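A short write-up of the structure that comes next.
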Amino acid sequence: MASTGRGRTFTVVTCVLAMAVMAACGSAEPELPIPSLAATPPSESPKDRVYEQIQGSSPLTSDEIYRLDKARLAATGASDAECIAAQGFEYVPSAPEISSGGALPIDLSEFDEAEAARTEGYGIIARDLAERDPRVPSPNALIREALTPAERLAYDRALDGFVRDENDENVFGDDGNLVRVDGVGETCRDQANERNRELKAEYTPAVLDDPIWNEFTKESSEIEGRFEADQRVLDIDAQWSECMTDRGFESLENPWAAYSLVMEPWEAWKSAHRSDDGTLSASDPEIARLQASEIAIAVTDLECRSEVDYDTRRQAILFAYEQQFVDAHAKDIAYLEQAWSEVD
């Protein structure tokens, strides 16, 4: 039966209304296509470069932020100490441990990855053995340990108010948060955290709360996921995996799996053999066997990465995704560069 005019009108109106609703609701932006590789891939990360461009426009330098962060953490520790002293206890503020924004970059120009693989593998076991000194208790742990059970209970309630079990360990609730003692009021740690927030707010750029900045950082963090799902990347991983299989290391999907093949048995050995004071016995023959295994895996990993040109090919694809992101957000980048330049 031929359609009526009324039917055609209903169909047209319905389609128009649907399009209007989609526009009003703000339909999601179409996903960007898989990027093509540049004829000459960039030598540095386009994403890193644009973040340096945006935040480099701020008069608040990384050295100044480092100074302010250090002062803030020192003031937070002092707040803890003053508060707990008012309760009749002693507390030693710890020295702030933060990374310096002005630290010099690590010079890798003379680093020989092949030599490192032949001598230490990934360096996993060697690093741990070099840092196998006994665990030194913190001054506050020693202060607390010297208290009587009643004093320790009062100290805990004053400092942080957290419940501890029969093994003197913090108790976690079903929500994953530390359980507080029923009826405990504001603690010294609560006061210190509030002081920390106040001080940080004094120099935290308002642009960090800007929806455009938040969306920009969110989308830039998603680049890695799109990159890892790219069939070209999966093919490179498969070629590396086949190479490792040919050399006796089967069922490894990517170099991270090779790294884990070293890390997991080493962590298990450490857990079973670390002494009460935290030391490791470097003379145990099992360590030599684990180190030999680490070296064999790392050397083979490096050989296979070289054989399939693993790092260079993956980097070219990653940088193509990053450049695509940068090109698609040119207006946001210009806006954010201006916003960061206005930071007090």
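None of the values given here were measured: they were computed from a predicted structure.
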(request) Give a yes or no on whether Trp256 and Leu318 share a hydrophobic cluster (residues Ile, Leu, Val, Met, Phe, Trp, Tyr; joining criterion: side-chain heavy atoms under 4.5 Å apart). (result) yes
(request) Find out if a path of hydrophobic residues (ILVMFWY) with successive side-chain heavy-atom gaps under 4.5 Å connects Ile223 to Leu336. (result) yes
(message) Could you check whether any side-chain heavy atom of Val179 comes within less than 4.5 Å of a side-chain heavy atom of Phe162, counting everything from C-beta outward?
(response) no
(request) Looking only at non-hydrogen atoms, find the nearest pair between Ser45 and Glu322 and report the distance. (result) OG-OE1, 2.6 Å
(message) A quick test of your reading: do over 12 heavy atoms of other residues, nucleotides or ligands sit less than 6.0 Å from NZ of Lys270?
(response) yes
(request) Give a yes or no on this: more than 12 heavy atoms of other residues, nucleotides or ligands lie within 6.0 Å of atom CG of Asp174. (result) no
(request) Using modelled atom types only, decide if a donor and an acceptor are shared between the side chain of Ser341 and the backbone of Ser58 within a distance under 3.5 Å. (result) no
(request) For residues Asp69 and Ile65, determine if any side-chain heavy atom of one lies less than 4.5 Å from a side-chain heavy atom of the other. (result) yes
(request) Please determine, by modelled atom types, if Gln239 and Asp235 share a side-chain donor-acceptor pair under 3.5 angstrom. (result) no
(request) Please step through side chain to side chain donor-acceptor pair (under 3.5 Å) for the pair Gln323 and Asp327, ending with a clear verdict. (result) CA-CA 6 Å; Gln323 189 60 56; Asp327 294 342; 2.9 Å; yes
(request) State whether a side-chain donor-acceptor pair under 3.5 Å links Asp128 with Trp266. (result) yes
(request) Considering non-hydrogen atoms only, spot the tightest contact between Glu90 and Ile84 and give its length. (result) C-CG2, 4.1 Å
(message) Tell me if a side-chain donor or acceptor on Arg152 pairs with a main-chain N or O of Glu145 at a distance below 3.5 Å.
(response) yes
(message) Quick check: do Cys304 and Arg247 have side-chain heavy atoms less than 4.5 Å from each other?
(response) yes
(request) Measure across Ala192 and Ser79 and return the closest heavy-atom pair with its distance rounded to 0.1 Å. (result) CA-OG, 3.6 Å
(request) Would you check if the side chain of Glu294 reaches a backbone N or O of Gly123 as a donor-acceptor pair within less than 3.5 Å? (result) yes
(message) Does this structure show an ion pair linking Arg305 with Glu113, if we count only N-O contacts that are shorter than 4.0 Å?
(response) yes
(request) Report, as yes or no, whether the 6.0 Å neighbourhood of atom CD on Glu151 holds more than 12 heavy atoms from other residues, nucleotides or ligands. (result) yes
(request) May I ask you to test the Arg195-Gln191 pair for a side-chain heavy-atom distance under 4.5 Å? (result) no
(message) Looking at Asp190 and Thr187, would you say the former's side chain and the latter's main chain have a donor-acceptor pair under 3.5 Å?
(response) yes
(message) Do Glu286 and His273 pair up side chain to side chain, a donor and an acceptor below 3.5 Å, judged on atom types alone?
(response) no
(message) Pairing donors with acceptors under 3.5 angstrom, does anything connect the side chains of Thr217 and Tyr51?
(response) no
(request) State whether a side-chain donor-acceptor pair under 3.5 Å links Thr300 with Glu303. (result) no
(request) Test Asp175 against Asn177 for side chain to side chain donor-acceptor pair (under 3.5 Å), laying out the working first. (result) CA-CA 6 Å; Asp175 58 0; Asn177 294 320; 3.2 Å; yes
(message) Distance check, rounded to the nearest 0.5 Å: Cys188 atom SG versus Leu159 atom CG?
(response) 6.5 Å
(request) Take Asp237 and Arg314, measure what salt bridge (charged side-chain N to carboxylate O under 4.0 Å, His left out) needs, and give me the verdict at the end. (result) CA-CA 9 Å; Asp237 282 341; Arg314 278 175 56 98; 3.5 Å; yes
(request) Considering non-hydrogen atoms only, spot the tightest contact between Pro33 and Gln324 and give its length. (result) O-NE2, 2.7 Å
(message) Hydrophobic clusters here meaning ILVMFWY residues chained together by side-chain heavy-atom distances under 4.5 Å, can you tell me if Leu73 and Tyr91 are in one?
(response) no
(request) Report yes or no: do Ile295 and Phe249 belong to one cluster of Ile/Leu/Val/Met/Phe/Trp/Tyr joined by side chain heavy-atom distances under 4.5 Å? (result) no
(message) Could you check whether any side-chain N or O of Arg144 sits under 3.5 Å from a backbone N or O of Tyr155, counting only pairs where one atom can act as donor and the other as acceptor?
(response) no
(message) Has Thr204 got a side-chain atom pairing as donor or acceptor with Lys200's backbone, closer than 3.5 angstrom?
(response) yes
(request) I would like to know whether Arg49 and Glu52 meet salt bridge (charged side-chain N to carboxylate O under 4.0 Å, His left out); could you show each step before the answer? (result) CA-CA 5 Å; Arg49 186 180 66 246; Glu52 290 172 3; over 6 Å; no
(request) Measure the spacing between OG of Ser251 and CE of Met244 and express it to the nearest 0.5 Å. (result) 11.5 Å
(message) Any non-hydrogen side-chain atom of Val163 less than 4.5 Å from a side-chain atom of Asn170?
(response) no
(request) Tell me yes or no: between the side chains of Tyr259 and Asp301, is some donor less than 3.5 Å from an acceptor? (result) no
(message) As an exercise, state the distance from CG of Leu302 to CZ of Arg118, rounded to the nearest 0.5 Å.
(response) 8.5 Å
(request) Look at atom CD of Glu194 and say whether more than 12 heavy atoms of other residues, nucleotides or ligands are closer to it than 6.0 Å. (result) yes
(request) To the nearest 0.5 Å, tell me how far Glu224 CD sits from Tyr321 OH. (result) 11.0 Å
(request) To the nearest 0.5 Å, tell me how far Thr119 OG1 sits from Glu115 CD. (result) 5.0 Å
(request) Indicate yes or no for a side-chain donor-acceptor contact from Asp165 to the backbone of Glu169 under 3.5 Å, with no hydrogens or angles considered. (result) yes
(request) Please tell me if the side chains of Ile34 and Arg232 come closer than 4.5 Å, counting only heavy atoms from C-beta onward. (result) yes
(request) Without swapping roles, check the side chain of Ser221 against the backbone of Lys218 for a donor-acceptor pair under 3.5 Å. (result) yes
(message) To the closest 0.5 Å, what do you measure between CD (Glu253) and CH2 (Trp240)?
(response) 9.5 Å
(request) Check whether Leu208 and Leu199 end up in the same hydrophobic cluster, where Ile, Leu, Val, Met, Phe, Trp and Tyr are linked by side-chain heavy atoms less than 4.5 Å apart. (result) no
(request) Taking all heavy atoms of Ile317 and all of Ile236, pick out the closest pair and write down the distance. (result) CD1-CD1, 3.9 Å
(request) Identify the heavy atoms of Pro93 and Ala81 that sit nearest to each other, and give their distance. (result) CG-CB, 3.8 Å
(message) Quick check: do Glu228 and Val233 have side-chain heavy atoms less than 4.5 Å from each other?
(response) yes
(request) Would you confirm whether Thr76, through its side chain, and Arg72, through its main-chain N or O, come within 3.5 Å as a donor-acceptor pair? (result) yes
(message) If you define the side chain from C-beta out and look only at heavy atoms, does anything of Leu37 sit under 4.5 Å from Phe319?
(response) no
(request) Taking the six-membered ring for Trp and the single ring otherwise, decide whether the centroids of Phe325 and Phe227 are under 6.0 Å apart. (result) no
(request) Identify the residue among Ile54, Val207, Asp210 that makes a side chain to side chain contact (heavy atoms under 4.5 Å, CB included) with Tyr335. (result) Asp210
